[in-house]
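Taking it in order: structure first as C-alpha cells, then the write-up.
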Amino acid sequence: MSALEPSPITGASAGGLYAAEDGGNMEICIITPDDVVAPFLRVTGQSSSELCGVAFNPVGNRMAFSAQRGTNGSSSGGTTYEISGPLRSYPEHRRHAPRGGSR
C-alpha cells in the first residue's frame, strides 16, 4: 500500500483487515493479525478511478468492492466487482490474541 490515504478499513469475519487505496496502485491491501500489510488485489486499466466499498457476505467467501469512475474516468462509469473464494482465513487463536501477547 502506498502512502496515499486509504478508504475506510473493513474487517473480515475470517480475520484480517482490508483497506482500499484512493488512487495510487489501485490496490486493496490486507492487514493481517500479525500486522503484515500486503497487496490482496490490484485493478488495472482504471488509473483515473478510486477503489471503495469493500464488503463481505456473511459467510466470508465473497468480497465486493467498487471502482468509483471505472475505465472511462467518469462519475457515471463506476464498476462494482465481486470476488469469490475461499479468501484468507486465520486460526481462531490468532484472530483474537491481544496485541503484544503470545499468538
Side-chain angles (χ1 to χ4, degrees):
M1 177 174 269
S2 70
L4 298 172
E5 294 181 32
S7 292
I9 295 173
T10 302
S13 62
L17 302 172
Y18 291 79
E21 286 186 325
D22 285 346
N25 292 333
M26 294 288 291
E27 292 178 340
I28 293 177
C29 291
I30 185 168
I31 305 167
T32 71
D34 294 324
D35 297 327
V36 174
V37 179
F40 178 76
L41 65 83
R42 179 180 287 179
V43 175
T44 60
Q46 298 186 33
S47 60
S48 296
S49 193
E50 296 178 11
L51 299 181
C52 62
V54 177
F56 294 90
N57 71 331
V59 176
N61 63 353
R62 296 165 80 174
M63 170 197 276
F65 65 94
S66 296
Q68 291 180 340
R69 291 178 285 284
T71 56
N72 67 10
S74 146
S75 61
S76 64
T79 305
T80 298
Y81 297 92
E82 180 185 72
I83 297 173
S84 58
L87 302 173
R88 294 185 94 155
S89 64
Y90 301 94
E92 186 67 28
H93 72 280
R94 295 179 63 109
R95 280 194 262 163
H96 302 290
R99 186 172 212 120
S102 61
R103 294 179 187 227

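Residue numbers start at 1 and run along the sequence shown.
- Summarising the geometry, atom CZ belonging to R42 is positioned 11.0 Å from atom CG belonging to L51; distances are rounded to the nearest 0.5 Å.
- Considering OG of S84 and CG of N61, their distance stands at 7.5 Å, rounded to 0.5 Å.
- The only option from F56, Y81, F40, Y18 that meets the ring-ring contact (aromatic ring centres under 6.0 Å, His included) definition with F65 turns out to be Y81.
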Next item on the list: Decide yes or no on side chain to side chain contact (heavy atoms under 4.5 Å, CB included) for I30 and V37, but give the supporting numbers first.
Entry: CA-CA 6 Å; I30 185 168; V37 179; over 6 Å; no
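- Contact detail for C29 and P39: the closest heavy-atom pair is SG-CA, 3.9 Å.
- Annotation for V54 and T10: closest pair O-OG1, 3.0 Å, computed over non-hydrogen atoms.
- Not a single donor-acceptor pair under 3.5 Å links the side chain of T32 to the backbone N or O of G16.
- A distance-only check finds a donor-acceptor pair linking the side chain of S49 to the backbone of Q68 [under 3.5 Å].
- To the nearest 0.5 Å, atoms CE (M63) and CD1 (I83) are separated by 5.5 Å.
- For residues 76-85, the pairs satisfying salt bridge (Lys or Arg N to Asp or Glu O under 4.0 Å) are R62-E82, with sequence neighbours left out.
- Between E21 and N25, the shortest heavy-atom distance links the atoms OE1-N, 3.1 Å.
- Applying the side chain to side chain contact (heavy atoms under 4.5 Å, CB included) criterion to L17, with sequence neighbours excluded, gives I9, I31.
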